[in-house]
Amino acid sequence: MCGIVGYIGDRNVYDVLIKGLHRLEYRGYDSAGVALETPEGVLNVYKAKGKVSNLENFCKDKDLQASCGIAHTRWATHGEPSDVNAHPHFSDDRKLAIVHNGTIENYQILKDALIQHGCRFHSETDTEVLVQLIEYIKLKNNCQLIDAVREALNQVQGAYAIAVIEAGNPHQIIAARKSSPLVIGIGNDEFFLASDATPIVEFTKEVVYVKDNEIAILRRGEPMKLVTLSNEEVSIDVTALELSISQLEKGGYPHFMLKEIFEQPVTLRDCIRGRVIEGGKSILLNGVRDHKDKFINAKRIVIVACGTSWHAALIGKYLIQEMCDVPVNVEYASEFRYNHPVLEEGDVVIAISQSGETADTLAAIEIARDKGAFVYGISNVVGSSIPRATHSGTYIHVGPEIGVASTKAFTGQVMVLTLLAIAVGELRGTLTKEQIAEYGKEINAIPDLVKQVLKLDEQIKHLSAIYTYARNFLYLGRGYSYPAALEGALKLKEISYIHAEGYPAAEMKHGPIALIDAEMPSVIVAPYDHLYEKIVSNVQQVKSRGGSIIAIVTEGDTVISNIADHVLEVPKVPEWLTPIITSIPMQLLSYYIAINKGKDVDMPRNLAKSVTVE
Ligand code: F6R
């Protein structure tokens, strides 16, 4: 949700910033802007509504020389997407420029007070209030920028990652964070800063993850300094990045989303590696092993997540209940944080988040910790906030996911939940050694089976042409296929803007069946499992009301294949592994329908990859 970049050093500042903005564009693309400070200390700000490419066009004939600079790509919160609301924002005297990711909750009170003091505002943003406040304090106290930033941040409520530069001081950037990610890259007499490491990795592997309530002082020719909001200096913890540049490129695919769909045999292998051990006879998750008492004694497990991660959580519930015989509640993090959650000693809370930065999930974790629960994180982004806020956890290790619609992260999350369920089942004695050995074998086979499913690509491309202009879709499934259906529906609506509703197939007769007619296709997820006979009846109920059906079935299916209009056959796997296999044709179907409609699948409207606001 919004991306910020900054650079100070000998390289071409504008080029570093623009490249960085392109890498961060998945975080928001309503508008983009740069603030560049010339070696003589003159501050220029250029910004444009829309994507980073619009900004580049706008900057073509501008003075782009600079010693330092900051840049931003926006996902609008306060004020519509427009040139004027785009970041960076100037202070009133145009001596300071700021970029900001997050929201300032008490901005209206601060704004009213500043107006009383004669400040003039030009945009509708909360960010402009912050830069005006910093300027006001700086002038009033006649102090240095760092002191004004510190005092201003002490008055601010909300979430922020900010970077500020100052006219006349071309060798300094001040940056700070609270509840919004901020990474500093340390190069050779140069500094980079960004919302995540993707703009930094091609320049340096040495990074510092700034923590909440810390302010970074980056000055050319001096070591980086970190101070707290109460002005105590903190030690710098430099981490080596494991990211590679090739992971951030499209690798010959037209879109990141398609690349990420096709990467799944490899990402699932990476996710399993080192975790299915002893030739498949045991499952090793360090995060579980190191806290085994918590899992052995858990009376209940609560899983919190949002969006696609919430769908993975639902599958986790089915897995853990089946394999560990412990009750599992699944909650939207955004609801959990406000519904007076009742947690008891012995409860384990699992938080799932691809980005590791989702504001609602972070807030849910804080509440769970405050109530004394043991909190386990499942995340993709190494060093992000959620792994740091939890007691223990597991990375899904699927590599950077850049397409806004989650694909490989979903299957990675489901795989980690599967491993966790087996590991906990082993600890609690609810699975036998023989079962675990069998399960290990089945898991090891999954990457190759996913490769096989991807061969449906051409068939799905053709099928997509038939359904591109449907205005509504129903996605139905039962058991493990119900959350898979929810995820299929979410993928379609996110990138094609077709209304799609996921439903438990048996619930359909309690209402949604009224919607079914020749104009309302249904995708029915019906692999061979213990509910197969039941879903056959649901397929017939749709058919007898004139609805057309795309069915995802197990290879060799003869019953549903004879009823459905179109059939996508997937290899046979045990039912607890079906969501990984059945979700892939639905990812491809959404992709091709969106492409047929000419939509921007990697940057769908109104969305952003990392949702760091409420
Ligand atoms: C859907 C999607 C979103 C995210 C949700 C949670 O394709 O990407 O629904 O799943 O915003 O994000 P994370 O997993 O980063 O917490």
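Heads up: numbering here begins at 1 and tracks the sequence. Indexing begins at 1, ligand by ligand and atom by atom, following the structure's order. Computed from heavy atoms alone, side chains included, the values below leave out hydrogens, waters and symmetry copies. Note that the structure is a prediction, hence the values are computed from the model and not measured.
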query: Does the pair Lys461/Glu458 count as a salt bridge with the N-to-O cut at 4.0 Å?
result: yes
message: Can you list every protein residue that has a heavy atom under 4.0 Å from any atom of ligand 1, sorted by chain and residue number?
response: Cys306, Gly307, Thr308, Ser309, Ser353, Gln354, Ser355, Thr358, Val404, Ala405, Ser406, Leu490, Lys491, Glu494, Val611
query: Between Arg300 and Asp347, is there a side-chain N and carboxylate O pair less than 4.0 Å apart?
result: yes
query: Hey, is Lys51 close enough to Asp600 for a salt bridge, meaning N to O under 4.0 Å?
result: yes
- prompt: Does Glu202 pair with Arg23 as a salt bridge, N-O distance under 4.0 Å?
  reply: yes
- line: What one should report as the nearest heavy-atom pair of Gly20 and Pro199 is CA-CB, 3.5 Å
task: Tell me whether the centres of the aromatic rings in His311 and Phe410 are closer together than 6.0 Å.
output: no
